[in-house]
Amino acid sequence: YQTFLRECPSGRISKQQFEAIYVKFFPDADPKAYARHVFRSFDSNSDGMLDFKEYIMALHLTSSGRTIQKLEWAFNLYDVDHNGSITKKEIQEIVESIFNMISKEDQKNLPDDENTPEKRADKIWDSFGKKENDKLTEEQFIQGVMDNKNILRLVQFGQPQKVQER
């Protein structure tokens with residue numbers, strides 16, 4: 001908590017500060033859009049700031065949370081409009097923000113059927129067996145990932161081998 005207060009004397013992290021943290025971790029990419037989505041998913045009271053409790057819960061969840069908790073968070077990340085369901089358009093938006101964090105060179109190392117945001121979003125959507133204008137509930141999302149581990153790889157920041165070696 002003392003370290004948190006040294007970095008954030010107000011006791012809260014703004015969206016801009018959060019984005020700056022991501023920029024430090026991905027200096028050769030543009031992680032701002034993804035950082036905004038992650039921030040939104042952790043801002044549980046929607047006040048535009050992360051307090052210490054929200055911050056610690058986010059750290060715990062992403063580093064040591066149970067699989068089901070991580071999937072609930074992933075659903076929240078993909079549910080951009082917070083209406084309780086995910087559309088193909090929302091998947092496309094998140095996937096595009098993830099691709100902004102992968103260099104063009106590293107994108108070339110991705111499989112042909114997922115080397116663009118559109119292809120990857122299509123592959124994710126098709127993995128759930130949904131039609132173009134369908135919606136995906138949290139239960140369907142979690143069950144789909146639990147039943148098909150390939151979906152888990154697709155919805156995460158799936159790093160090509162070259163990125164993993166860095």
Validation: residues 37-44 side-chain donor-acceptor distances under 3.5 Å, sequence neighbours left out:
from	atom 1	to	atom 2	distance (Å)
His37	ND1	Arg40	NH2	3.2
His37	NE2	Glu93	OE2	3.3
Arg40	NH1	Asn76	O	3.1
Arg40	NH2	Leu77	O	2.6
Ser41	OG	Val38	O	2.6
Ser41	OG	Trp73	NE1	2.7
Asp43	OD1	Ser46	N	3.3
Asp43	OD1	Asp47	N	3.3
Asp43	OD2	Asp47	N	3.2
Asp43	OD2	Gly48	N	2.7
Ser44	OG	Glu54	OE2	3.1

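Residues Glu72 and Ile142 form a side-chain contact, since some pair of their non-hydrogen atoms from C-beta on lies under 4.5 Å apart. Looking at Phe75 and Thr137, their side chains never come closer than 4.5 Å, going by heavy atoms from C-beta outward. In this structure, Val80 and Glu90 have side chains that are in contact, with non-hydrogen atoms separated by less than 4.5 Å.
Under the side-chain contact (heavy atoms from CB on, under 4.5 Å) rule, Tyr78 has a single partner from Leu136, Ile94, Thr87, which is Ile94.
To the nearest 0.5 angstrom, Asn148 atom CG is 11.5 Å from Ile124 atom CD1. In this structure, CG on Asn115 lies 13.0 Å from CG on Asp106, to the nearest 0.5 angstrom. Rounding to the nearest 0.5 Å places CG of Leu110 at 6.0 Å from CZ of Arg120. Summarising the geometry, atom OG1 belonging to Thr3 is positioned 8.0 Å from atom CD belonging to Glu7; distances are rounded to the nearest 0.5 Å. Note that CG of Asp126 is 9.0 Å distant from CD of Glu132, once rounded to the nearest 0.5 Å.
Closest approach of Gly11 and Leu5 over heavy atoms only: CA-CD2, 3.8 Å. Minimum interatomic distance between Met146 and Leu71 (heavy atoms only, all atoms of both residues): SD-CD1, 3.5 Å. Of all the heavy atoms in Ile151 and Ser127, the pair that sits closest is CG1-CB, 3.4 Å. Shown here for Ser14 and Gln17, the closest heavy-atom pair between the two residues is N-OE1, 2.7 Å.
Side chains of Ser97 and Asn100: no donor on one and acceptor on the other come within 3.5 Å. Defined by atom type and a distance below 3.5 Å, a donor-acceptor pair is present between the side-chain atoms of Glu96 and Gln92.
Remark: side-chain polar atoms of Glu138 are not paired, donor with acceptor, to backbone N or O of Ser85 under 3.5 angstrom. Trp125 places a side-chain N or O within donor-acceptor distance of the main-chain N or O of Lys131, the cut-off being under 3.5 Å. Formation of a donor-acceptor pair under 3.5 Å by the Asp79 side chain with backbone atoms of Asn83 is found in this model. Checking side-chain atoms of Lys15 against main-chain N and O of Arg36 turns up no donor-acceptor pair under 3.5 Å. Judged by distance alone, the side chain of Gln69 and the main-chain N or O of Arg66 form a donor-acceptor pair under 3.5 Å.
In terms of hydrophobic clustering, with Ile, Leu, Val, Met, Phe, Trp and Tyr side chains grouped at heavy-atom distances under 4.5 Å, Met57 and Leu50 are assigned to different clusters. No single ILVMFWY cluster, assembled from side-chain heavy atoms under 4.5 Å apart, contains both Val23 and Tyr34. Under the 4.5 Å side-chain heavy-atom criterion for Ile, Leu, Val, Met, Phe, Trp and Tyr, Met49 and Tyr1 are members of distinct hydrophobic clusters.
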Applying side-chain contact (heavy atoms from CB on, under 4.5 Å) to Gln107 and Phe99, what does each step give before you reach the verdict? CA-CA 8 Å; Gln107 288 179 32; Phe99 264 71; 3.4 Å; yes

Chi angles and distances behind the side-chain contact (heavy atoms from CB on, under 4.5 Å) call for Lys135, Gln140:
CA-CA 9 Å; Lys135 293 184 178 186; Gln140 291 168 329; over 6 Å; no

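Ionic pairing of Lys123 and Glu114 is present here: one or more N-O contacts between side-chain nitrogen and carboxylate oxygen are shorter than 4.0 angstrom. Salt-bridge check for Asp134 with Lys88: failed, with every basic side-chain N at 4.0 Å or more from each acidic carboxylate O.
Applying the salt bridge (charged side-chain N to carboxylate O under 4.0 Å, His left out) criterion to Asp51, with sequence neighbours excluded, gives no partner residue.
Phe18 CZ: more than 12 foreign heavy atoms inside a 6.0 Å radius.
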